[in-house]
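Below: the structure, in structure tokens.
So you know, we letter chains A, B, ... as the sequences are listed, proteins then strands, and number each from 1.
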Amino acid sequence: MSAQRVINKWFWILGMGVVCALVSIPLYQILMEVLQTPSEGWRLLTEKDPDGLIALLPEEMQVELLPEHTVLYERVKSTCIILCSVILLSTLLGVTLAWMLSVYKLRGKGAITFLLALPLAIPSYVMASCYKQVSAGMELSTSIYVRDSYGAEAMQGYDLWWNYSLAILVLTCSYYPYVFLAARSAFCSLSQEYVESARMLGDSSWRILMRVALPLARPAIMAGVMLVALETLNEYGAMKIIGIETLLTEVFKIRAGTNDLNTAVRVASCIMVMVFALLIGEQLLRGRKKFHASRSGGVVQRNQGLGGISMGFVYLFSALTFIMAFALPVSELLRLASHGIKVTELSTLLDPVWDSFRLALGASGMTLVVALFIAYANRLIPQWWMVAMSKISTLGYAVPGAILGIGIVAWNGAMMNDSAAGELVQWLFYQSTVGLMIAYGIRFLTVSLGSVDAGFKSIRGTLDEASSMLGSSRWKTFLQIHMPLLRPSILAGLLILFVDVMKELPMTLILSPFNTETLAINAYSLFAVQEDYARGSLPALILVLAGISGMAMVRLLLRTSKTIS
Amino acid sequence: MSNLLSLTNITKSYGEQQILSSVSLELGRGDIHAVVGESGCGKTTLLRIVAGLADGATGRVYLDGNDVTHLPPEKRRIGLVFQDYALFPHLTVAKNVTYGMRGKTKSEKEHTLERLLAIMNLPESAMRYPHELSGGQQQRVALARALALDPALLLLDEPFSNLDPIRRQKLRDVLRDLADGQETTSLIVTHDIGDAFKVADYITILKDGAVVQTDTPANIVVNPANEYVERLVDM
């Protein structure tokens with residue numbers, strides 16, 4: 001191998017090393033904090049009587065005052081209740097809609113699918129605020145009924161039940177599209193021959209769904225379910241607005257109160273344990289089985305007809321879902337905006353709009369460049385260790401944004417010294433726009449990389465070889481051959497990332513510089529802190545509009561992009 | 001002996017394109033009948049019409065004297081082996097083979113499984129997954145699965161493609177044993193007339209969706225209906 005090629009190879013390896021290091025550092029720092037001696041705050045969470053004051057009281061008073069469980073136990077319990085309920089309901093709803101919209105002949109299937117995916121454009125904390133407003137009247141009348149019928153003692157239990165129900169409804173509405181889109185894609189690419197085989201062997205439609213389609217679509221459905229789980233574990237804004245205390249709200253409480261970083265990291269690591277348990281559980285369930293379901297001749301090509309009543313049910317079910325998950329929250333936002341906004345207040349939005357725009361543009365552009373680097377490195381050096389490094393670089397997506405933020409803060413703290421490295425870290429990451437953009441990049445690299453990687457894979461290797469035979473360098477081939485062919489993938493990746501960054505709240509709350517307030521923070525502050533729903537509706541509407549536009553443009557891009565065989 | 005399968009004037013079009021044109025066919029019990037033709041002549045479509053998987057065709061399909069033209073595939077008691085086998089990748093060989101055996105007891109399923117795996121020479125494969133088998137083994141599992149329901153008729157779509165000469169011979173032997181030993185009636189679709197000659201009792205030659213000749217292999221060689229058949233035989 002020539003010296004030049006050796007240098008080139010090391011360029012890619014070092015670049016990948018830097019990316020992997022940046023991604024791993026927050027997780028490494030969390031691990032280091034957990035291994036240190038727990039601080040006082042941890043004792044307050046894990047002991048029922050941390051101050052020992054209750055133990056000094058008479059026994060009968062101790063029984064009354066001693067809490068049944070520790071604070072940490074309660075937070076873990078509430079997190080698990082929300083997580084399991086949202087996963088179950090999102091999966092049921094998503095899979096049912098996906099099956100109906102992929103197997104049966106229906107008019108307007110494409111449009112219905114797009115509309116049912118629109119809830120992704122509404123940030124969950126915005127949806128929570130809308131539902132809180134919409135349900136306020138109902139909550140009041142039912143609480144009066146409960147108090148009158150069962151007494152004031154029943155109110156605490158009722159309040160808890162109401163808040164849990166609202167939180168589960170809001171998060172299900174927000175996140176079911178992840179399962180819906182994944183399941184629909186899997187059902188549509190399911191080989192028609194598997195379905196026909198099952199029919200020849202005597203199966204009805206229901207049995208085909210349960211015994212063939214669902215098992216074969218399981219990897220895709222599980223990928224959607226994992227996204228639901230990760231987003232739910234990362235949920236802060238909606239929980240705060242509704243009033244449910246979870247592990248993540250406890251992290252923020254600690255940061256805002258005692259600023260006890262060690263305890264905050266320990267609580268965050270409990271969330272990471274749940275994430276790893278989910279990932280390992282999914283791998284174990286998969287076992288030795290293979291699920292090659294993607295072949296030519298998908299289910300969609302030979303759809304089954306539906307009777308009048310059944311078709312009516314499908315349309316009604318889809319319409320109800322759309323109304324609950326999108327139309328109702330958006331119409332509430334519009335109502336709030338139309339009633340409470342003064343034109344003079346519009347100028348207060350200029351700074352948040354600018355902050356959101358520049359952060360989203362900067363982060364998505366920077367992340368896209370890194371994604372192109374990683375995808376191209378894999379194309380040039382298709383070795384197992386390069387693939388392993390690429391997988392490490394995408395770890396950030398499996399980590400809830402708030403925990404990444406905590407990890408970066410912990411790293412800042414650890415590097416607070418007078419060394420050159422320490423100063424560089426502080427300059428880069430401590431309360432800086434660049435640091436926040438890098439954090440977004442770590443979190444959302446998977447999104448960009450997925451799009452770019454798929455684009456590269458659709459470009460045959462023989463095109464590179466042909467370019468090389470005609471005298472072009474690798475750089476020239478990349479600019480003149482790859483980039484034009486990758487344009488749809490790049491734009492799609494850029495758009496998806498842009499919208500994700502704009503909506504992001506927990507990590508932004510932790511890492512944003514003092515003089516930066518994004519639309520997400522602005523909307524959240526107005527909804528959750530100031531409870532000014534009317535003023536909060538405007539930044540919320542801008543976020544929703546950005547989300548819808550992004551989704552529509554991505555859909556258009558994917559439709560018009562040419563396939564390179 | 002009455003015919004098991006009778007096709008009468010089967011015609012099928014996709015839009016303006018005529019796929020099958022008044023195809024009529026008779027299959028005797030225990031026969032191996034091959035439908036031969038070039039790619040795109042309509043032979044797979046004919047197979048799918050017999051199976052009940054293709055709609056929009058005119059004409060009648062009779063199975064064992066009953067008109068099954070509009071009967072759904074799961075009610076026809078027909079076994080179908082797809083060209084790429086369509087084994088369920090998430091199920092073991094055992095579960096694939098016994099998939100359609102609803103209402104049978106566990107011991108009946110085990111007995112049938114053991115018998116069929118022995119016939120197919122796959123005695124140790126019950127707990128393996130399709131991706132852990134070779135192509136030839138996968139085909140035999142697909143055949144076992146189709147036979148597990150004791151079908152009146154067995155359909156095979158291009159069973160000899162992608163097989164080397166030794167495996168082709170083995171498959172021909174299996175089909176012959178099934179026909180002679182168990183009176184299994186088979187309808188095979190293939191583009192290779194050589195394979196058809198070696199295994200079939202009767203051959204139907206299709207060209208552009210129409211039947212050119214139906215006869216025994218010997219008669220086709222001795223008395224080809226036209227130049228096309230003659231050319232096909234020479235190949």
Problem - For chain A, the option from B:Arg145, B:Arg77, B:Lys75 that forms the most heavy-atom pairs under 4.5 Å - result: B:Arg145
Problem - Non-hydrogen atoms of B:Thr185 and B:Gly30 that approach each other most closely - result: OG1-N, 2.9 Å
Handout entry: Donor-acceptor pair between B:Asp195 and B:Thr190 side chains, under 3.5 angstrom
Key = no
Practice task
Can you label the angle between the B:Tyr99 ring and the B:Phe88 ring as parallel, tilted or perpendicular, going by 30° and 60°?
Solution key: tilted
Handout entry: Residue part contacting chain A, namely of B:Phe82, when any heavy atom lies under 4.5 Å
Key = side chain
Practice task
Would you please classify the geometry between the A:Tyr176 ring and the A:Phe180 ring as parallel, tilted or perpendicular, with 30° and 60° separating the classes?
Solution key: tilted
Exercise for the section: Answer with side chain, backbone, both or neither: which region of B:Arg76 has an atom nearer than 4.5 Å to a non-hydrogen atom of chain A? Expected result: neither
Handout entry: Per-residue contact mode, B:Leu149 against chain A (heavy atom under 4.5 angstrom)
Key = side chain
